[in-house]
Undergrad: 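Got a structure for you, questions after.
Proteins get letters first, then strands, A, B, ... in listed order; numbering begins at 1 in each. Computed over heavy atoms, backbone and side chain alike; hydrogens, waters and symmetry mates excluded.
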Amino acid sequence: MKEHGTFRVKKGMAQMQKGGVIMDVTTVEQAQIAENAGAVAVMALERVPADIRAAGGVARMADPVMIEKIMEAVTIPVMAKVRIGHFAEAQIMEELGVDYIDESEVLTPADEQYHINKHLFKVPFVCGARDLGEALRRISEGAAMIRTKGEPGTGNVVEAVRHMRKVMDQIRQVIGKADDELVVMAKEMGVSVNLLQEVRKEKRLPVVNFAAGGIASPADAALMMQLGSDGVFVGSGVFKAANPQKVAEAIVKATMNYDDPKLLSEVSKGLGEAMPGLEMTTLTEADKMQIRGA
Amino acid sequence: MKIGVLSIQGAVSEHLQRLKDCSVEAVTVKDPASLSSVSGLIIPGGESTTIGKLIELAGLKGPITELSKSGNLAIFGTCAGMVLMARQVIDGVEKQPKLELMDIQVKRNAFGRQKESFETELNFKPFEQTLTGVFIRSPLVREAGEGVEIMAAIPEGIVAARQGNLLATSFHPELTNDTRIHQYFVDMCRNIKEVKKIKV
């Protein structure tokens, strides 16, 4: 008897991505550049976060035609984004056959109270989080992979660092907690004691945890890996750079060799103009994507 | 005896844990120097295009091929690892990176996309009891040469094979708590050590 879409199969898919780089792509050509550069997956979308930010308005799931073209063009897994809480968009993406769905704050949320019940799907989901509580709430809804939210489309790694440090710090706190203290912590975080017990036992999140939201250079990728990420998402950072191919390859190598400064210095040389990037103080609260869907 | 896990990308920590469960010394292998100290090497699941490309960059392709062909290294490939070990790959990328160690022809992503990924009970030849095979965008062995022993099959085709000091599975034994296949590989590595001793 074959059993499809078990949590082990969904979570396992993310485990196979560890140590890798997942790149945002908007065209078949970009998807091929990403695959050739050694990306472990591509995220197919109509506009990279930097352009979504610039365009404003409501950002929805991508046109299925565009996603199908990218699925045909590459052999590595293809991910796609749906709006927070928009389970109909997710049903469409599952039907299309995308390998992973990102319930993403980069798109305009469709539901301000509920996320998608991800247990109902055979396709795995990745969700963003800024702290341990948020990560565990998404996992209890069925997320099989977590990523930091960071601040998408900024090319500024500061928020991704903040979120990764927060998650890691809270995991260290959980490890030191007594049973009765864990109960209170669970209440404060709005998560089940069982999940916190699992974190305490495994000394890590129960699923793979990638970094996302502002990673724009090989050094950024190495920084996030050293802070404890299992891998990285690069959104606007590759195809908003002057030399996407070179930047893509450099980030892949940096992610694998994140603890090798000699190699990191080699791959960081002569990459050309990076994406311009945004300073956080120039963003108003309303500009911040990370506050969507806590 | 030390057994290495190729530590480029993919399910590295899971394999290290299973080896530790078998009470053997498990180390990561990232470069030729770390390869020289191990009797066996696990090539984990991940993306075969990524791992294959980076194996070459790390300067590991030559040493892995030489050590395994001279009988001084046992190799166990799971999923992407199986693809990398195959002589021929169907549905690969244009320049599919390969180690070409085993006389098998493998089809990549043979079951389709992720929603077709599954787990199932299967028989692994040396074992009396079935085990749970976890298949994630898995390959299948389409053809196996004369010297290749078929270790497991499901209705769709061959999912485990052995050729001398080489073992490959389409599925992921590292994703379950069952250590039998890892133990089986550990025993293969012990034999390598014996061979080495005799040669010396």
Side-chain angles (χ1 to χ4, degrees), chain A residues 1-22 32 34-42 71 73-79 93-101 121-124 144 202 204 208 230-231 249 252-253 255-257 259-260 263 266-267, chain B residues 6-15 17 28 30-31 44-58 78-80 83 89 91-97 108-109 111-122 132-138 154-156 171-172 174-176:
Chain A
M1 263 306 280
K2 283 207 284 188
E3 221 185 325
H4 292 94
T6 62
F7 193 67
R8 179 156 59 190
V9 162
K10 294 198 275 191
K11 177 183 157 182
M13 167 71 196
Q15 288 169 278
M16 297 312 139
Q17 305 264 292
K18 284 192 303 175
V21 183
I22 300 169
Q32 284 161 342
E35 181 172 54
N36 289 334
V40 290
V42 291
M71 288 196 299
V74 293
T75 66
I76 54 177
V78 175
M79 300 188 172
M93 288 302 152
E94 181 173 56
E95 181 59 32
L96 284 175
V98 302
D99 298 291
Y100 233 98
I101 294 175
F121 291 79
K122 294 221 182 320
V123 62
E202 300 296 329
R204 58 158 295 140
V208 166
D230 291 317
E249 285 188 1
V252 167
K253 286 181 204 163
T255 303
M256 175 198 164
N257 299 286
D259 53 357
D260 180 350
L263 192 131
E266 280 304 312
V267 303
Chain B
L6 184 68
S7 178
I8 286 182
Q9 188 270 314
V12 177
S13 61
E14 291 80 355
H15 275 295
Q17 186 56 51
T28 56
K30 255 187 168 178
D31 49 39
E47 283 307 315
S48 63
T49 49
T50 307
I51 300 175
K53 186 183 164 80
L54 295 174
I55 278 180
E56 290 183 23
L57 284 171
T78 56
C79 196
V83 174
V89 179
D91 291 345
V93 292
E94 205 175 308
K95 289 180 198 154
Q96 180 74 32
R108 267 183 88 202
N109 300 337
F111 298 89
R113 307 199 72 95
Q114 171 60 17
K115 64 178 176 178
E116 307 299 334
S117 294
F118 62 96
E119 44 187 276
T120 190
E121 290 298 300
L122 57 87
T132 306
V134 182
F135 293 78
I136 295 170
R137 287 172 49 98
S138 288
I154 59 173
E156 287 84 353
F171 52 93
H172 295 281
E174 77 282 10
L175 294 185
T176 68

Undergrad: Could you look at N36(A) and say if it's the side chain, the backbone, both or neither that has a heavy atom under 4.5 Å from chain B?
TA: backbone
Undergrad: Name the member of G38(A), G5(A), P77(A) that forms the most heavy-atom pairs with chain B at distances under 4.5 Å.
TA: P77(A)
Undergrad: Between F111(B) and chain A, with a heavy-atom cut-off of 4.5 Å, which part of the residue counts as in contact: side chain, backbone, both or neither?
TA: side chain
Undergrad: Counting heavy atoms not belonging to E121(B), are there more than 12 under 6.0 Å from its CD?
TA: yes
Undergrad: Can you say whether E174(B) sits under 4.5 Å from chain A via the side chain, the backbone, both, or neither, judging by heavy atoms?
TA: side chain
Undergrad: If I measure from the heavy atoms of chain A, does T132(B) come under 4.5 Å with its side chain, its backbone, both, or neither?
TA: side chain
Undergrad: Measure across H4(A) and K115(B) and return the closest heavy-atom pair with its distance rounded to 0.1 Å.
TA: CD2-O, 3.8 Å
Undergrad: Specify which of I154(B), V134(B), T49(B) makes the most heavy-atom pairs with chain A at under 4.5 Å.
TA: V134(B)
Undergrad: Report the option among L54(B), I51(B), N109(B) that has the most heavy-atom pairs separated by less than 4.5 Å from atoms of chain A.
TA: L54(B)
Undergrad: Side chains of T176(B) and R8(A), heavy atoms from C-beta outward: is any pair under 4.5 Å?
TA: yes
Undergrad: Please name the pair of heavy atoms, one in R137(B) and one in I76(A), separated by the smallest distance, quoted to 0.1 Å.
TA: NH2-C, 3.6 Å
Undergrad: Side chain, backbone, both or neither: which part of A39(A) has a heavy atom under 4.5 Å from chain B?
TA: backbone
Undergrad: Calculate, to the nearest 0.5 Å, the distance between atoms CD1 and OG1 belonging to I8(B) and T255(A) respectively.
TA: 13.5 Å
Undergrad: Tell me, for Q96(B) versus chain A, whether the close heavy atoms (under 4.5 Å) come from the side chain, the backbone, both or neither.
TA: neither
Undergrad: Compare all side-chain heavy atoms of K30(B) with those of D259(A) and state whether any distance is below 4.5 angstrom.
TA: yes
Undergrad: Do side-chain atoms of D99(A) reach the backbone of R113(B) as a donor and acceptor pair under 3.5 angstrom?
TA: no
Undergrad: Quick one: what part of Q32(A) sits under 4.5 Å from any heavy atom of chain B, side chain, backbone, both or neither?
TA: neither
Undergrad: Hey, which of D91(B), L122(B), V93(B) has the most heavy atom pairs under 4.5 Å with chain A?
TA: V93(B)
Undergrad: Over all heavy atoms of both residues, which pair between K18(A) and S13(B) is shortest? Give the atoms and the distance, please.
TA: NZ-OG, 2.7 Å
Undergrad: Check whether V74(A) gets within reach of chain B through its side chain, its backbone, both or neither, counting any heavy atom under 4.5 Å.
TA: neither
Undergrad: Could you tell me whether the side chain of H172(B) reaches within less than 4.5 Å of the side chain of Q15(A), counting heavy atoms only?
TA: no
Undergrad: Looking at chain B, which one of M13(A), E35(A), E94(A), K253(A) has the largest number of heavy-atom pairs inside 4.5 Å, strictly under?
TA: M13(A)
Undergrad: In terms of heavy-atom proximity below 4.5 Å to chain B, should M1(A) be classed as side chain, backbone, both, or neither?
TA: backbone
Undergrad: Which heavy atom of I136(B) sits nearest to which heavy atom of V9(A), and what is that distance?
TA: CD1-O, 3.8 Å
Undergrad: Side chains of V252(A) and K53(B), heavy atoms from C-beta outward: is any pair under 4.5 Å?
TA: no
Undergrad: Determine whether Q17(A) and E47(B) make a side-chain contact, defined as any pair of heavy atoms from C-beta on separated by less than 4.5 Å.
TA: yes
Undergrad: Are any non-hydrogen side-chain atoms of T78(B) and M16(A) less than 4.5 angstrom apart?
TA: no
Undergrad: For the candidates K122(A), K10(A), M71(A), which exhibits the highest count of non-hydrogen atom pairs separated by less than 4.5 Å from chain B?
TA: M71(A)
